[in-house]
Q: 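I have a structure here, written as structure tokens, and I will follow up with some questions on it.
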Amino acid sequence: MSAVNLLDFDSAALAAFVESLGEKPFRARQLLRWIHQRGAHDFDAMSDLAKSLRSRLAEHAQVSAFDVLSDSMSDDGTRKWLLDVGQRNAIETVFIPEDDRGTLCISTQAGCAVNCLFCSTGKQGFNRNLTTGEIIGQLWMAEHTMRSDKGAAERVISNVVLMGMGEPLQNYEAVLPALRLMLDDNAYGLSRRRVTLSTSGMVAQMDRLAADCPVALAVSLHAPNDALRDVLVPLNRKYPLSALLAACRRYVRAAPRDFITFEYVMLDGVNDQDAQARELVSLVADVPCKVNLIPFNAFPQSGLKCSSPDRIRAFAQHLSDAGIITTTRKTRGDDIDAACGQLAGDILDRTRLAGRVARRTIPITASAD
Ligand code: SAH
Ligand code: SF4
């Protein structure tokens, strides 16, 4: 048996693994707590496990995350890790502290195949799906690094958003066990409203998620009609707005008292006009929702510009006047180049990494219950 990475296992998979070693499945609970609540990776330190089990674990298993390529801290406390996922690919994980919460933004793929017009992750193309261990490993690494830095026994990360690199629902099989670990009381114990998955609108997988693990859902809308969304989010040609909005209504039905957060990136002269605000109001009229306007993070060759602050305010006002709760993301971490899924790809391309001047927008996400 080659060594398996225990970060790849949710509680059911870990119980099955422990049984395969001839142990009682409840040992999985103890293991989960050691790994995820205490950040342990050395089996010898797991003092309440029998010595024989510890040595079998050491033989057959490991707890391993990735190499950290860089770890930078912004003046405003935003912290960004660049993580090596092999074969010259890197992903980023960003921690955003606020007064009442600490949010970790994690990646689910190296690159992305959806290729939205305004997204530089999309422009890099798709490299590969991350494994469950690599997805939950970002939370494991960030939580325990920050806890030990602070000498804190208490949790540092209160919210997780799947809004880094990649389209999480295109990597459903690996994302689902990672979500289950986030919610598991023996692991991170986050309430499902504190875990937000952001999707460009993969309708079939939205229905699966509603049935399997209905965490808070953010949907990247960005346009009020199919003609424009076909251009901005090419996935719209497969799942047009009527299908997407119907899936949103079904999702909310499966998760009562919840709402969808519609994300809308503000692009100068493209999707930010008053008429488009009106169109947006009628489009989302029968979905319990909030709208989060995202100032566009420009990058070279995008050929696009961010809407002016006045235009963003006017657009937001239209939506608010129509009774839609509307927020606009704040910019964070601009001095450490921590933009929304804007980084990584080829880690050998140091000039590009060093030369970019990007801005970070922080997700103002679901409620903090
Ligand atoms: N693939 C998923 C989640 C990752 S992208 C999705 O698209 O929802 C997370 C958010 O960042 C999305 O709302 C996306 O539209 C936004 N985003 C991508 N590129 C951006 C840019 N250049 N400026 C601002 N927001 C951007
Ligand atoms: Fe992929 Fe999201 Fe970027 Fe679109 S916005 S290319 S779905 S990461």
Side-chain angles (χ1 to χ4, degrees), residues 91-94 96 103-127 129-130 135 138 160-172 175 195-203 205-206 209 215-223 229-239 244 248 260-268 270-272 290-307 312 327-334 337-345 356-365:
I91 54 156
E92 63 173 343
T93 302
V94 179
I96 305 127
T103 302
L104 192 73
C105 177
I106 66 180
S107 298
T108 54
Q109 298 181 310
C112 182
V114 179
N115 198 15
C116 298
L117 195 71
F118 49 83
C119 176
S120 80
T121 300
K123 295 273 165 288
Q124 291 164 17
F126 175 68
N127 287 309
N129 280 328
L130 300 187
I135 298 167
Q138 296 168 66
V160 175
V161 295
L162 280 66
M163 288 187 186
M165 294 179 80
E167 169 47 57
L169 294 185
Q170 272 187 349
N171 187 14
Y172 192 83
V175 165
V195 175
T196 302
L197 183 146
S198 175
T199 180
S200 54
M202 304 206 52
V203 164
Q205 288 80 354
M206 285 165 63
L209 187 67
V215 294
L217 191 68
V219 172
S220 293
L221 205 53
H222 308 312
R229 197 164 189 271
D230 280 350
V231 177
L232 296 180
V233 185
L235 187 68
N236 197 67
R237 292 174 215 150
K238 180 162 185 204
Y239 297 117
L244 178 57
C248 291
I260 303 286
T261 301
F262 287 118
E263 295 164 282
Y264 197 98
V265 66
M266 295 302 290
L267 299 166
D268 182 40
V270 174
N271 64 354
D272 64 350
K290 296 183 181 178
V291 172
N292 191 201
L293 302 179
I294 314 174
F296 170 60
N297 285 317
F299 59 93
Q301 288 100 42
S302 73
L304 298 161
K305 283 201 320 207
C306 183
S307 312
I312 296 176
T327 49
T328 302
R329 278 191 200 169
K330 288 183 267 167
T331 299
R332 294 283 298 261
D334 41 348
D337 204 15
C340 242
Q342 300 286 288
L343 199 48
R356 273 171 7 95
V357 182
R359 293 178 308 152
R360 164 99 207 147
T361 53
I362 72 157
I364 299 170
T365 47

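One-based numbering, in listed order, for ligands and for the atoms of each. Atom set for the values below is all heavy atoms of this structure, side chains included, hydrogens, waters and symmetry mates excluded. Just so we're clear, the structure is a prediction, and the values are computed from it rather than from any experiment.
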Q: Quick one: does ligand 1 sit under 4.0 Å from the side chain of V265, the backbone, both or neither, non-hydrogen atoms only?
A: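 Within the 4.0 Å criterion, V265 contacts ligand 1 through side-chain atoms alone.
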Q: Test side chain to side chain contact (heavy atoms under 4.5 Å, CB included) on Q109 and I91 and set out the steps.
A: CA-CA 8 Å; Q109 298 181 310; I91 54 156; over 6 Å; no
Q: Indicate, as side chain, backbone, both or neither, the part of E167 found under 4.0 angstrom from ligand 1 when only non-hydrogen atoms are considered.
A: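 E167 to ligand 1: contacts from backbone and side chain alike.
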Q: For H222, which part has a heavy atom under 4.0 Å from ligand 1: side chain, backbone, both, or neither?
A: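 Near ligand 1, H222 shows its side chain, while the N, CA, C and O stay back.
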Q: What do we get for T199 next to ligand 1 when only non-hydrogen atoms under 4.0 Å count, side chain, backbone, both or neither?
A: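 It is the backbone that touches ligand 1; the side chain stays farther off.
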Q: Given V114, T108, L169, L235, which one has a non-hydrogen atom that is nearest to atom 7 (S) of ligand 2?
A: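 Looking at heavy atoms only, the winner is V114.
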Q: Can you tell me if T199 and E167 form a side-chain donor-acceptor pair at under 3.5 Å?
A: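 There is such a pair (donor and acceptor under 3.5 Å, judged by atom type) between the side chains of T199 and E167.
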Q: Taking it one step at a time, do S198 and L162 satisfy side chain to side chain contact (heavy atoms under 4.5 Å, CB included)?
A: CA-CA 6 Å; S198 175; L162 280 66; 5.8 Å; no
Q: Just to be sure I'm reading this right: ignoring hydrogens, which of G166, A218, C112 gets closest to atom 1 (N) of ligand 1? Compare them by their nearest heavy atoms.
A: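 Answer by nearest heavy atom: G166.
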Q: Would you say atom 3 (Fe) of ligand 2 has C112 as a near neighbour, meaning an N/O/S atom of that residue under 2.8 Å away?
A: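 Given the 2.8 Å cut-off, C112 does not count as a ligand of atom 3 (Fe) of ligand 2.
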Q: Can the ring centres of H222 and F118 be said to be less than 6.0 Å apart?
A: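 Yes: the rings meet the under 6.0 Å criterion.
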Q: Starting from atom 4 (Fe) of ligand 2, find the nearest protein heavy-atom neighbour and note its residue, name and distance.
A: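 For this ligand atom, the closest protein heavy atom is C116 SG, 2.3 Å.
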Q: Checking the side chain of N171 only, and the main-chain atoms of L130 only, is there a donor and an acceptor separated by less than 3.5 Å?
A: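 A pair under 3.5 Å: yes.
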Q: Specify side chain, backbone, both or neither for C119, according to which of its non-hydrogen atoms lie closer than 4.0 Å to ligand 1.
A: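 It is both backbone and side chain that touch ligand 1.
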Q: Could you verify whether a donor N or O on one side chain and an acceptor N or O on the other, from N292 and T327, lie under 3.5 Å apart?
A: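 Their side chains do contain a donor-acceptor pair, which is all the 3.5 Å distance test asks for.
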